[in-house]
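Contents: one structure, followed by commentary.
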Amino acid sequence: MEDKLKKELGTATLKLAGHGEGGCISQGQSYHTDTGEVFVKTNHKSQAKLMFDGEMASLEAIIKTGTIQVPKPVKVIELATGGCMFVMEYLDIRALSKYSRQLGEQVADLHLHNKRQLEKVSKEQHTVGKGAGQREDTYVDKFGFPTITCCGYIAQENEWQDDWMTFYTRQRLECQLNMLEKSNGDREVRELWSALQLKIPGLFRDAQVFPALLHGDLWKGNVAETGKGPVIFDPSSFYGHSEYELGIAGMLGGFDSSFFSAYHAKIPKAPGFAHRNQLYQLFNYLNHWNHFGGGYRGSSIRVMKNLLK
């Protein structure tokens with residue numbers, strides 16, 4: 001594997017740097033190379049290339065916004081024995097502490113970037129000498145992403161939709177529920193979902209949803225800091241409702257009040273936020289259920305029942 005890595009990176013030097021980590025999905029290890037230190041994630045599952053291609057596209061999209069630091073992706077490398085490696089910039093990170101407020105500000109900037117692009121384009125269209133074909137900046141007016149991304153190891157359907165409720169209901173919740181139906185056939189979940197579908201439109205009555213580029217899996221294990229500021233990594237990006245990001249962020253802990261206050265100073269809570277936040281947590285509970293088993297059934301049922309009250 002290291003010979004393959006050496007060849008693909010075109011480096012004479014490939015030495016273990018001693019910074020390794022193991023997650024529940026992939027294994028990671030850093031190496032010294034001719035051009036500096038890199039971090040390499042390895043996964044031997046059959047869907048590893050799909051996962052890493054989506055992660056690479058996500059990192060590239062976030063980098064283009066210039067809003068928050070992520071590791072720069074280098075290359076996805078297929079292994080002859082099956083699986084893949086994903087090479088990226090090595091960052092000397094530590095647990096988030098000093099830069100929690102800055103993280104909130106920068107995540108908000110990430111979410112606002114696409115909307116600001118639209119405002120910039122609209123302004124330029126009304127400026128003399130700036131016409132169609134002269135713009136370098138673009139914006140996205142639909143919900144989805146150009147490629148499949150994975151939340152954990154589960155592939156997400158990112159086909160573009162004009163309507164956020166359609167995207168979220170069909171391509172997030174229903175996909176998770178269909179997986180559970182195949183593996184569990186849970187009658188109570190089916191009945192609750194039938195009732196909940198009728199209530200979802202009312203949760204968005206007072207919400208204006210504009211496509212925002214999301215990290216997609218912003219839990220405490222995917223944020224950190226360097227000596228210069230916050231870092232986010234392991235993204236599962238798509239363009240969606242900015243509030244979606246806060247579902248898992250508030251669900252698993254690890255984000256203090258300064259993060260949320262800084263975020264909401266830039267993106268204030270809209271009416272109905274609390275109920276929509278539960279709706280977004282529902283996806284994450286279902287996703288955990290599909291990944292890790294029935295220990296998450298109770299939480300999924302509880303959220304569905306709360307939303308139906």
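Computed from a predicted model, the values in this text were never measured in an experiment.
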Short side-chain donor-acceptor distance under 3.5 Å, Thr149 and Asn158: yes

Under 6.0 Å between ring centres: does that hold for Tyr244 and Phe238? yes

Closest approach of Gly229 and Gln102, non-hydrogen atoms and distance? CA-NE2, 4.4 Å

So which heavy atom on Lys6 is nearest to which on Thr13, and how close? CE-N, 4.4 Å

Would Asp141 and Phe210 count as a side-chain contact (heavy atoms from CB on, under 4.5 Å) if you check the C-alpha gap in whole Å, the side-chain angles of each, and the deciding distance to 0.1 Å? CA-CA 8 Å; Asp141 61 359; Phe210 188 83; 5.9 Å; no

Decide yes or no for Tyr285 and Arg302: does some side-chain heavy atom of the first lie under 4.5 Å from some side-chain heavy atom of the second? yes

Name the one of Glu105, Glu245, Gln106, His111 that satisfies side chain to side chain donor-acceptor pair (under 3.5 Å) with Tyr263? His111

Met304 with Trp289, same ILVMFWY side-chain cluster at under 4.5 Å: yes

Might you point out which heavy atoms bring Cys151 and Gly216 nearest each other, and give the distance in Å? SG-O, 4.3 Å

Considering all heavy atoms, the nearest Ser26-Asn43 contact: OG-ND2, 3.1 Å

side-chain contact (heavy atoms from CB on, under 4.5 Å) for Val231 and Val223? Distances and angles first, verdict last. CA-CA 6 Å; Val231 179; Val223 301; over 6 Å; no

Atom pairs and distances, side-chain donor-acceptor, residues 69-89, under 3.5 Å, sequence neighbours left out:
unit_1: Lys75; atom_1: NZ; unit_2: Glu8; atom_2: O; d: 3.2
unit_1: Lys75; atom_1: NZ; unit_2: Glu8; atom_2: OE1; d: 2.7
unit_1: Glu89; atom_1: OE1; unit_2: Lys72; atom_2: N; d: 2.9

Please test Gln281 against Ser299 for side-chain contact (heavy atoms from CB on, under 4.5 Å), starting from the C-alpha separation and ending with a verdict. CA-CA 10 Å; Gln281 288 184 353; Ser299 299; over 6 Å; no

When you check the side-chain N and O atoms of Ser97 and Glu225, is any donor under 3.5 Å from an acceptor? yes

Does any donor atom in the side chain of Gln156 or Ser236 lie under 3.5 Å from an acceptor atom in the other side chain? yes

Out of curiosity, does Leu286 fall in the hydrophobic cluster containing Ile301 (side-chain heavy atoms, cut-off under 4.5 Å, transitive links)? yes

Residue pair Gln161 / Thr166, side-chain donor-acceptor N/O under 3.5 Å: no

Between Arg276 and Leu203 (side chain of the first, backbone of the second, donor and acceptor by atom type, cut-off under 3.5 Å), is there such a pair? yes

Scanning both residues in full, the closest heavy-atom pair of Thr147 with Ala57 reads CG2-CB, 3.6 Å

Quick one: does any side-chain atom of Asn222 pair with a main-chain N or O of Ile232 as donor and acceptor, under 3.5 Å? no

Pair Tyr280, Val303 - check side-chain contact (heavy atoms from CB on, under 4.5 Å), show working. CA-CA 10 Å; Tyr280 294 143; Val303 172; over 6 Å; no

If only side-chain N and O atoms count, and only distance matters, is there a donor-acceptor pair under 3.5 Å linking Thr226 with Asp92? no

Does either side chain, that of His291 or that of Tyr296, offer a donor lying less than 3.5 Å from an acceptor on the other one? no

In the single-linkage hydrophobic clustering (I, L, V, M, F, W, Y; side-chain heavy atoms under 4.5 Å), do Leu112 and Leu103 co-cluster? yes

Between Lys45 and Tyr153, is NZ or CZ placed under 6.0 angstrom from the six-membered ring centre and within 45° of the ring axis? yes

Considering all heavy atoms, the nearest Pro146-Trp160 contact: N-CZ2, 3.6 Å

Please evaluate residues Phe283 and His288 with respect to the criterion ring pair (Phe, Tyr, Trp, His ring centres under 6.0 Å), reporting the C-alpha separation (whole Å), side-chain torsions for both, the decisive distance (0.1 Å), and the verdict. CA-CA 9 Å; Phe283 165 80; His288 277 66; 9.1 Å; no

Between Glu2 and Lys15, is there a salt bridge with N-O shorter than 4.0 Å? no

Have Asp256 and Ser100 got a donor and an acceptor in their side chains that come within less than 3.5 Å? yes

My understanding is that a hydrophobic cluster links ILVMFWY residues whose side chain heavy atoms are under 4.5 Å apart, including indirect links. Using that, what else belongs to the cluster containing Leu50? Ile148

For Glu157, does its backbone N or O pair with a side-chain atom of Arg172 as donor and acceptor, under 3.5 Å? yes

Exceeds 12 heavy-atom contacts within 6.0 angstrom, atom CZ of Arg190: yes

May I ask you to test the His241-Phe204 pair for a side-chain heavy-atom distance under 4.5 Å? yes

Evaluate whether atom NE2 of His275 has more than 12 neighbouring non-hydrogen atoms of other residues, nucleotides or ligands under 6.0 angstrom away. no

In chain order, what residues pass the salt bridge (Lys or Arg N to Asp or Glu O under 4.0 Å) check against Asp109, with sequence neighbours excluded? Arg116, Lys266

